Amino acid sequence: MSIWEYANPKKFITTTERVLPVLWAAAAISIGVGLVWGFFFTGDDYRQGSTVKIIYLHVPSAMLAINIWVMMLATSLVWLVRRHHVSALAARAAAPIGMIMTLIALATGAIWGQPMWGTWWVWDPRLTSFLILFLFYLGYIALWEAIEDPDTAADLTSFLCLVGSVFALLSRYAVNFWNQGLHQGASIMRAEAVIGTDTEEKVSNIFFYPLMLCIVGFVLLFVALVFYRTGTEIRARRIKALMARERVEA
Amino acid sequence: MIALLMRDLRLALRAGGGFGLGLAFFLIVTVMVPLSVGPQPALLASIAPGVLWLGALLACLLSLDRLLALDWEDGSLDLLATAPLPLESVVSVKALAHWITTGLPLVLAAPVLGVLLNLPVSGFKWVVISLLLGTPALSVIGTFGAALTVGLKRGGLLMSLLVMPLYLPTLIFGAEVARRGAVGMEIQTPLLMLAGISAASIALLPFASAAVLRINLR
């Protein structure tokens with residue numbers, strides 16, 4: 001029993017179809033409970049008022065936006081090394097989700113920033129690097145769409161993903177260097193905060209648990225969406241193959 | 001390798017439209033800027049390094065689609081791929097030819113255009129140095145973009161979309177060197193980063209470009 005068994009498209013589809021209803025339900029429940037809990041059953045922040053509650057959408061989408069790119073990098077590598085089609089299709093399926101997550105993070109961030117910082121947008125390093133990440137997603141998706149031959153498209157986008165990852169990381173450090181920011185640093189999972197030496201800049205426990213639930217929910221939703229979309233891609237390709245075969249026989 | 005370099009240079013010089021075009025574009029962009037933001041000397045002086053960098057970047061970008069596409073169309077790229085010369089060297093030579101025909105003239109023209117933009121005297125040196133260090137990276141990264149989209153009809157716009165984000169780190173550090181140099185700030189860190197990006201791109205990216213080109217050629 002190894003994970004590579006699921007590289008077989010048929011096995012992938014049958015397994016994911018069994019898992020998908022559970023995933024959808026779990027995602028819906030955790031996002032639903034997390035949002036309701038967060039919106040209605042936690043108090044307002046003493047300085048930010050109720051605007052703090054946008055954190056339940058902003059943080060999970062931002063975390064996913066970055067990690068989806070990492071997932072695409074991993075699946076691209078698997079495609080380049082082991083030539084499993086499911087892997088390439090999963091990267092393709094994940095890209096639009098990542099782009100939307102980046103957009104959600106940018107939009108909720110702007111809505112949050114307006115009352116808190118008094119501006120919709122500043123050229124803060126974090127904001128800027130998210131905008132850059134959005135451009136990377138855009139280019140990646142456009143390249144997938146532009147190439148007709150599916151294997152060539154998978155190869156080229158994989159290489160773009162590899163090279164792009166390096167340059168995205170470089171851009172992150174470049175914009176950090178280029179401008180000082182308004183955005184706070186990492187304040188959910190930080191070594192100092194976890195061991196308790198630093199209690200200053202940490203998300204309060206009241207907000208922490210519903211936020212965790214929302215993050216889990218977003219991850220589940222992403223996994224479900226990727227399974228679903230990959231299944232769709234596999235089917236679309238199968239249909240194409242069947243139609244080609246029919247044309248040959250006719 | 002030298003034969004290929006000479007061939008590319010000769011083509012760029014004699015076939016028309018390749019050599020001077022990037023330079024002319026650079027000139028036009030720089031002239032457009034004062035016309036669009038206003039002629040105040042202080043304002044122009046503060047944005048001059050950034051404008052020069054952006055102009056150079058756009059001029060590089062525009063000349064990329066002729067880098068491989070012409071050879072692709074007339075089939076000489078297939079011949080080059082089967083030649084005893086490794087494809088990695090071919091790609092490097094192509095990037096070098098692109099730099100000599102586009103990047104180097106831009107570096108030389110930048111001080112002249114700096115005068116037009118009222119660039120502070122202290123800035124001239126750093127604009128030239130940063131462009132000299134940065135434009136090779138632009139050529140090499142651009143070659144990767146050109147190799148990615150070489151098989152596509154009307155790939156030009158898509159290539160801009162792909163290459164622009166890859167240009168960002170070079171642009172940021174390069175413009176930062178020029179800007180800091182112009183106002184007399186400390187420039188060591190961005191200068192080292194810029195040189196590092198250039199060196200790493202030149203060393204590593206030809207392998208990626210060649211791999212991508214092989215995929216496109218099969």
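Naming convention: chains lettered A, B, ... in sequence-line order (proteins, then strands); numbering from 1 in each chain. This one's a predicted model, so the numbers in the text were calculated from it and none came from an experiment.
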**Student:** Is B:I141 in contact with chain A via its backbone, its side chain, both, or neither, using a 4.5 Å heavy-atom distance?
**Tutor:**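 The answer is the side chain of B:I141.
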**Student:** Measuring heavy-atom distances to chain A, does B:R214 have an atom under 4.5 Å in its side chain, in its backbone, in both, or in neither?
**Tutor:**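 Neither part; nothing is under 4.5 Å.
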**Student:** Take the angle between the ring planes of A:W4 and A:H84 and call it parallel below 30°, perpendicular above 60°, tilted in between.
**Tutor:**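 Ring orientation of A:W4 relative to A:H84: tilted.
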**Student:** What orientation do A:F136 and A:W69 show, parallel under 30°, tilted 30 to 60°, or perpendicular over 60°?
**Tutor:**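 Rings of A:F136 and A:W69: perpendicular, over 60°.
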**Student:** B:S63 and B:H98: side-chain donor and acceptor closer than 3.5 Å?
**Tutor:**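 Their side chains do contain a donor-acceptor pair, which is all the 3.5 Å distance test asks for.
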**Student:** Go through the atoms of B:L158 and report whether side chain, backbone, both or neither lie under 4.5 Å from a heavy atom of chain A.
**Tutor:**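 Only the side chain of B:L158 comes within 4.5 Å of chain A.
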**Student:** So which residue, A:A142, A:G139, A:A174, ends up with the most heavy-atom pairs under 4.5 Å with chain B?
**Tutor:**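 Option with the greatest count: A:A174.
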**Student:** Which one, B:M164, B:R218, B:E176, leads in non-hydrogen pairs under 4.5 Å with chain A?
**Tutor:**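 Ranked by contacts with chain A, first place is B:R218.
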**Student:** Which one wins on heavy-atom pair count under 4.5 Å against chain A: B:A208, B:P190, B:S201?
**Tutor:**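 Most pairs with chain A among the choices: B:P190.
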**Student:** Does any heavy atom of chain B fall under 4.5 Å from the side chain of A:L162, the backbone, both, or neither of them?
**Tutor:**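 Neither; nothing under 4.5 Å.
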**Student:** Between B:I172 and chain A, which part of the residue has a heavy atom less than 4.5 Å away: side chain, backbone, both or neither?
**Tutor:**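 Contact with chain A involves the side chain of B:I172 alone.
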**Student:** Taking every heavy-atom pair that is under 4.5 Å apart, which of A:L135, A:L156, A:I132, A:L170 has the most such pairs with chain B?
**Tutor:**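 Between A:L135, A:L156, A:I132, A:L170, the count favours A:L156.
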**Student:** Could you check, using the six-membered ring where one of them is a Trp, whether B:F144 and A:F159 have ring centers closer than 6.0 angstrom?
**Tutor:**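 Centroid separation for B:F144 and A:F159: 6.0 Å or greater.
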**Student:** Tell me, for B:I197 versus chain A, whether the close heavy atoms (under 4.5 Å) come from the side chain, the backbone, both or neither.
**Tutor:**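 Side chain of B:I197 only, per the 4.5 Å heavy-atom cut-off to chain A.
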**Student:** Taking the ring of A:H58 and the ring of A:W112, is the distance between their centroids below 6.0 Å?
**Tutor:**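 Yes, the ring centres sit under 6.0 Å apart.
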**Student:** Under the side-chain hydrogen bond (donor to acceptor under 3.5 Å, both in side chains) criterion, do B:N216 and B:W72 qualify, and how do the steps go?
**Tutor:** CA-CA 10 Å; B:N216 264 326; B:W72 166 270; over 6 Å; no
**Student:** Hey, does the side chain of A:D149 reach the backbone of A:T152 with a donor-acceptor pair shorter than 3.5 angstrom?
**Tutor:**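 Pair found, side chain donor or acceptor close to backbone of A:T152.
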